[in-house]
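Let me begin by presenting the structure, written as C-alpha cells, before commenting on it.
These numbers come from a predicted model, not from an experiment. Proteins get letters first, then strands, A, B, ... in listed order; numbering begins at 1 in each.
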Amino acid sequence: MYNNGGDRMAITFEVKHIDKQTGARYGILHTLHGSFETPIFMPVGTKATVKTLDNIEISEVSDGLILGNTYHLWLQPGDEIIKNQGGIRGFMKWEHALLTDSGGFQVFSLSDIRKIKEEGVTFRHHKSGEQLFMSPEDSIRIQNNLGADIIMSFDECPPFHSSYEYMKDSVERTIRWAERGKKAHQNPTDQALFGIVQGGPHKDLRIMCAKALIEMDFPGYSIGGLSVGESKEEMYKVLDYLKDVMPSDKPRYLMGVGTPDDLIEGVIRGIDMFDCVNPTRMARHGSAMTSIGRIVIKNKTYESDITPLDPNCDCKVCQTHSRSYLRHLFKSEEYLGQRLVSYHNLYFLKKLMKDIRNAILEDRLLDFKNEFFANYYK
RNA sequence: GGGCGGGUAGCGAAGUGGUUAAACGCGACAGACUGUAACUCUGUUCCUUAGGGUUCGGCGGUUCAAAUCCGUCCCCUCCCA
C-alpha cells in the first residue's frame with residue numbers, strides 16, 4: 001500500500017487524524033504481525049519477558065507490541081539460540097509484534113564498564129567480567145536474528161549534560177553508525193530499521209542529526225537520549241525542536257518515556273510511539289499508577305484500606321483486590337503483589353493511551369489533558 | 001544445692017574504663033526509580049519544646065571518667081547432683 005517502491009515493506013504508517021487543539025497525531029502502524037493504533041505505549045520485555053507477566057496477561061495489558069533488548073539477549077541465552085527457535089516471537093511464544101532496542105541504551109546505563117571507539121563499543125560483562133565487543137553491524141546482525149518487526153540503529157545514548165564538543169562528536173558517530181547499520185541490515189522487508197536522533201539539549205545538534213538520518217530514509221525515527229535525568233522542561237524543549245523537522249508520514253518513537261504526564265506531553269509534541277520500564281519497575285518496587293497520581297502501596301496508610309488500587313480502573317486487579325491485600329503481599333514479599341501491580345500499571349497506561357487516541361479523534365486532547373491533570377498529582 | 005556461660009535500643013548481635021547514644025544485621029517507617037546490571041538503591045529508626053535529656057537486668061560502690069571494674073540481688077541457658 002504505502003510502500004514507495006513496490007517492494008514489500010516491513011511496516012507502513014498512516015496518519016489518520018490530527019487533533020485540532022494540539023496537532024497531535026492519530027495513526028495506524030501496520031506490521032507483519034498486527035496493525036496498531038497510535039499513539040501507542042509499548043511495555044518493555046528486555047529479556048524476552050515482561051517481568052512477572054505471562055503472554056496472556058501481556059496481551060491483556062498491551063496493544064500487542066512489546067520490546068526486547070539486543071544486548072541482554074545476545075549475552076543470554078544468545079541470539080543464535082533464539083534465531084533457531086523462530087526469533088523472539090517463537091522463543092517466547094509471543095504471537096504479536098515486537099521491537100528490539102539496539103544495545104545503545106546499555107552504552108549509557110553500563111557506562112562504568114564500557115569503552116566507545118569508532119569501530120564500536122567494548123563492554124565488560126556485568127556478571128562475568130568477560131570482554132565483549134559490539135559494533136553497529138553486530139547489533140543489526142543480532143537484531144536480524146532476534147527477528148523483531150521494528151529494530152533500532154546502534155547509537156550512543158550520551159549523558160544529557162555532556163559538553164557540547166563531546167555531544168557533537170557523539171552525534172556524528174551515531175550518524176555514521178546508523179549508516180553502517182543500514183548497510184548491514186539483511187532483511188529490510190521483514191524488519192523496519194529506525195534511526196535514532198541524539199544531540200542532548202542542543203537544538204542545532206538535534207536538528208542536524210534528524211536531517212542526516214532523514215537523508216538516509218529510514219522507515220521511522222526514534223528520539224533518544226531523553227528521560228536520562230534531565231528535567232521535564234528540557235525534555236519537552238527537545239521535542240519542540242524536532243516536531244517540525246521529523247517527517248510527518250513516518251512514525252516517531254520517543255524512547256524510554258512512560259510517566260503519564262510525559263506520555264500526554266509527548267503526544268502533544270507529535271510522538272506516536274513510547275516505551276518505558278517505569279510501569280513494571282515501579283510495580284515491582286511497590287508503587288502504582290492511578291488516575292489520582294502515584295500510590296506507594298507499601299505505605300502504612302493502606303494497611304486497612306479495602307478500596308481498590310484505583311477506584312476509576314476496571315482492570316481485573318482493581319475489580320478484585322483491595323489496597324490492604326496488595327500492601328500485605330508487598331510487606332510479606334509475596335511475588336503475587338509484583339505481578340498484580342505490574343498488570344495494573346500497564347493496564348493503566350494502555351487505557352490512558354486509548355483515552356488519548358479518542359481525544360485526538362474528537363479534537364479535544366487539550367481538554368483531556370486539563371481534565372487529567374485536574375485529578376492527577378505528582 | 002553446686003558449677004559454667006549469659007542478660008546491650010522492637011528483635012538478633014558487636015563493644016570489656018575515655019570522640020560510645022552505642023558497630024552491624026533484621027524488622028519498622030519513609031524516599032528514589034523514565035530505550036531494565038533493578039524483588040534494586042537511599043534515608044530515618046531511645047526521648048526531645050532540638051538547647052539538651054535519659055540509657056546497656058535492678059540497686060549500691062570504685063574512678064576525673066563505667067555498657068565496660070567491684071559488691072549484692074533478680075532472671076535465663078547448659079552441665080553436675
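Residues A:Thr259 and A:Asp261 have side chains that bring a donor and an acceptor to within less than 3.5 angstrom of each other.
Residue pairs meeting the side chain to side chain donor-acceptor pair (under 3.5 Å) criterion with at least one partner in residues 283-293 of chain A, sequence neighbours excluded, are A:Ser287-A:Arg294, A:Ser291-A:Asp310, A:Ser291-A:Asn312. Note on residues 146-169 of chain A: pairs passing ring-ring contact (aromatic ring centres under 6.0 Å, His included), not counting sequence neighbours, are A:Phe154-A:Trp177, A:Tyr164-A:His202. Residue pairs meeting the side chain to side chain donor-acceptor pair (under 3.5 Å) criterion with at least one member in residues 328-341 of chain A, sequence neighbours excluded, are A:Glu57-A:Arg339.
Judged by distance alone, with hydrogens and angles left aside, A:Ser109 brings no side-chain donor or acceptor close enough to the base of B:rU36 to form a pair under 3.5 Å.
Residues from residues 39-69 of chain A with heavy atoms under 4.0 angstrom of RNA chain B, sorted by number: A:Val44, A:Thr46, A:Lys47, A:Lys51, A:Leu67, A:Asn69. Within residues 332-339 of chain A, the residues having any heavy atom closer than 4.0 Å to RNA chain B are, in order of number, A:Glu333, A:Tyr335, A:Gln338.
A gap of 23 Å separates the C1' atoms of B:rU42 and B:rA21, to the nearest Å.
Between A:Tyr71 and A:His126, the two ring planes are tilted [angle within 30° to 60°].
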Polar pairs (N or O, both sides) under 3.5 Å between protein and nucleotides 40-42 of chain B?
none

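A cation-pi contact, defined as under 6.0 Å to the ring centre and within 45° of the axis, is absent between A:Lys250 and A:Phe218.
Backbone-only engagement by A:Asp275 is indicated by non-hydrogen atom pairs under 4.0 Å involving sugar-phosphate atoms exclusively.
The phosphate of B:rC29 (OP1 or OP2) has no side-chain N or O of A:Asn299 nearer than 4.0 angstrom.
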